[in-house]
Visitor: 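I'd like to ask you about the structure that follows.
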Amino acid sequence: MYLVDYHTHSLCSQDSDAPLADMAQAAAEAGLSQLCVTDHFDLLSGHGKPTADPDWTAILRQYEPVSRALPQGLTLRLGLELGCGHLDLDRARRVLSQAPLDFVLGSVHNQTPEDGGVDFYFLHYQSTADCYKALDSYFTGMARLAPLDCYDSLAHVIYPLRYMTRRDGQTVSLDGCWDRMRAIFQTAAQTGHAIELNTDRGRTVEDWKPVLELFRACGGELVTLGSDAHRPQDVGKGIAQAQELLRACGWRYFTVYQGRKPQQIKL
């Protein structure tokens with residue numbers, strides 16, 4: 001089985017203190033063939049304030065020596081998780097042009113500016129009404145991002161459910177969201193974008209089945225796989241199971257990237 005992890009974070013993300021060398025060693029020990037590091041750059045902070053540009057010097061200073069001294073059998077790719085790129089497309093494009101990127105995840109971590117711009121992590125979900133209000137804002141942002149050229153794969157498209165259900169104990173379904181997701185997925189498929197099957201460190205693989213089925217029905221062909229690991233011990237978690245789910249949902253390939261060009265790997 002050809003295993004890859006295309007959503008990982010190192011100490012160049014504000015929510016990780018893991019050296020990239022340690023992430024690469026963990027990837028090799030987990031039997032991965034490719035590791036893509038996708039450190040964060042969000043146009044909004046967690047509380048909805050504008051952010052500074054990423055420190056490409058620090059990112060490349062870490063990446064380059066690790067890429068030259070990889071464990072045998074491992075390929076390292078340089079990625080970025082770009083949050084809310086739709087809020088300032090010119091700035092997003094400028095930031096992406098400053099490094100030799102292989103892959104860009106397009107994330108929506110924050111409410112729309114008109115809803116306050118706060119990261120869904122920081123919201124308190126005390127009722128199902130709170131949840132559905134947040135999901136409305138979330139999919140509004142994603143619909144704005146979907147047609148743009150500032151990303152390759154839509155990241156963790158069920159992201160807010162992590163906090164609504166597992167953390168805050170709400171019972172939430174996507175039943176009222178499928179029509180909006182269908183429109184987003186049709187746009188992503190028509191513009192040659194992928195969606196990500198994000199295992200959330202191996203905790204949410206089965207949750208993706210209806211999402212994958214919908215994307216396939218919308219003409220989607222490209223799916224990337226990522227663990228969202230922020231620590232070495234989480235690298236690659238759930239990836240083998242994600243490949244099995246993809247196969248069960250009718251896919252014959254998953255997608256990797258080099259120089260922001262998709263390459264299909266047979267399952």
Side-chain angles (χ1 to χ4, degrees), residues 7 9 12-16 38-56 79-99 101 104-165 167-168 170 172 174 176-188 190-191 193-196 198 200 211 226 228 230:
H7 191 150
H9 298 278
C12 291
S13 291
Q14 74 276 11
D15 53 359
S16 174
T38 54
D39 282 311
H40 286 293
F41 167 59
D42 290 83
L43 274 71
L44 292 180
S45 72
H47 296 286
K49 304 299 182 183
T51 59
D53 283 0
D55 185 349
W56 284 119
L80 188 74
E81 183 176 3
L82 173 66
C84 295
H86 57 284
L87 296 181
D88 189 338
L89 182 57
D90 288 342
R91 184 184 180 208
R93 288 169 171 164
R94 175 176 57 78
V95 166
L96 297 181
S97 72
Q98 294 173 351
L101 287 164
V104 181
L105 283 165
S107 294
V108 178
H109 291 127
N110 299 60
Q111 300 169 299
T112 63
E114 52 267 37
D115 289 331
V118 174
D119 192 315
F120 296 99
Y121 172 84
F122 290 109
L123 299 181
H124 299 288
Y125 304 100
Q126 299 177 333
S127 68
T128 55
D130 290 340
C131 296
Y132 289 116
K133 181 179 179 181
L135 287 171
D136 179 67
S137 188
Y138 180 65
F139 288 119
T140 295
M142 190 170 292
R144 295 169 181 172
L145 173 63
L148 304 182
D149 63 2
C150 61
Y151 76 99
D152 301 311
S153 181
L154 280 175
H156 49 44
V157 297
I158 55 174
Y159 169 72
L161 296 184
R162 298 179 181 182
Y163 312 121
M164 296 172 179
T165 58
R167 187 191 69 189
D168 289 357
Q170 298 297 326
V172 185
L174 293 170
C177 304
W178 293 119
D179 285 346
R180 299 190 72 184
M181 293 176 70
R182 181 177 293 106
I184 290 166
F185 287 173
Q186 287 172 342
T187 298
Q190 290 165 4
T191 52
H193 289 102
I195 68 165
E196 179 196 32
N198 184 298
D200 192 15
V211 177
D228 217 338
H230 290 63

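Computed from a predicted structure; not experimentally measured. Side chains included, hydrogens not; waters and symmetry mates left out as well; all remaining heavy atoms used.
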Visitor: To the closest 0.5 Å, what do you measure between CE (Met142) and CZ (Phe185)?
Guide: 7.5 Å
Visitor: So, for Ala134 and Leu123, which heavy atoms are closest and what is the spacing to 0.1 Å?
Guide: CB-CD1, 4.3 Å
Visitor: How about His47 and Ser45: does a side-chain donor come under 3.5 Å of a side-chain acceptor?
Guide: no
Visitor: State, with a plain yes or no, whether a side-chain heavy atom of Thr112 is found less than 4.5 Å away from one of Leu87.
Guide: no
Visitor: How long is the straight-line distance from CG of Leu82 back to NE2 of His40, given to the nearest 0.5 Å?
Guide: 11.5 Å
Visitor: Excluding sequence neighbours, so at least two apart, what forms side chain to side chain donor-acceptor pair (under 3.5 Å) with Tyr138?
Guide: none
Visitor: Ignoring hydrogens, what is the shortest heavy-atom contact between Ala92 and Cys150? Give both atom names and the distance.
Guide: CB-CB, 4.1 Å
Visitor: Where the side chain of Asp42 meets the backbone of Leu44, is there a donor-acceptor pair that is under 3.5 Å apart?
Guide: no
Visitor: Considering only heavy atoms from C-beta outward, does the side chain of Ile184 approach that of Leu145 to under 4.5 Å?
Guide: no
Visitor: Which residue is it: Leu105, Leu154, Asp228? I am looking for the one with a side chain to side chain contact (heavy atoms under 4.5 Å, CB included) to Glu196.
Guide: Leu105
Visitor: Examine the side chains of Gln170 and Asp168 and answer whether a donor and an acceptor come within less than 3.5 Å of each other.
Guide: no
Visitor: Looking only at side-chain N and O atoms, does Ser107 offer a donor or acceptor that is under 3.5 Å from a partner on Glu81?
Guide: yes
Visitor: If we only count heavy atoms from C-beta on, is the Val95 to Leu43 side-chain gap below 4.5 Å?
Guide: no
Visitor: Output the distance between atom CG (Leu80) and atom OG1 (Thr38), rounded to the nearest 0.5 Å.
Guide: 8.0 Å
Visitor: Would you call Tyr151 and Leu96 a side-chain contact if the rule is heavy atoms closer than 4.5 Å?
Guide: no
Visitor: Side chains of Val108 and Phe139: closer than 4.5 Å at any heavy-atom pair?
Guide: no
Visitor: Supply the atom-to-atom distance Thr140 OG1 to Glu114 CD, rounded to the nearest 0.5 angstrom.
Guide: 7.5 Å
Visitor: Do Tyr125 and Val172 come close enough that some side-chain heavy atom pair is under 4.5 Å?
Guide: no
Visitor: Nearest 0.5 Å, please: how far is NE2 in His156 from CZ in Arg162?
Guide: 5.5 Å
Visitor: Asp15: which residues meet the salt bridge (Lys or Arg N to Asp or Glu O under 4.0 Å) condition with it, sequence neighbours left out?
Guide: none
Visitor: What pairs with Tyr163 under ring pair (Phe, Tyr, Trp, His ring centres under 6.0 Å), at least two apart in sequence or on another chain?
Guide: Tyr121, Tyr159
Visitor: Partners of His86 by ring pair (Phe, Tyr, Trp, His ring centres under 6.0 Å), sequence neighbours excluded?
Guide: none
Visitor: Between NE2 of His230 and NE2 of His7, what distance do you get to the nearest 0.5 Å?
Guide: 6.0 Å
Visitor: Should the pair Asp115-Lys133 be classified as a salt bridge under the 4.0 Å nitrogen-to-oxygen rule?
Guide: no
Visitor: Please check if the side chain of Thr187 supplies one atom and the backbone of Ala183 the other of a donor-acceptor pair under 3.5 Å.
Guide: yes
Visitor: Among all residues two or more places apart in sequence or in another chain, which pass the side chain to side chain donor-acceptor pair (under 3.5 Å) test with Ser13?
Guide: His9, Asp39
Visitor: Which residues pass the side chain to side chain donor-acceptor pair (under 3.5 Å) test with Arg91, sequence neighbours left out?
Guide: Asp53
Visitor: Please tell me if the side chains of Met164 and Leu135 come closer than 4.5 Å, counting only heavy atoms from C-beta onward.
Guide: yes
Visitor: Has the side chain of Ser97 got a donor or acceptor atom that lies under 3.5 Å from a matching backbone atom of Arg94?
Guide: yes
Visitor: Taking His193 for its side chain and Leu148 for its backbone only, find out whether a donor-acceptor pair lies under 3.5 Å.
Guide: yes
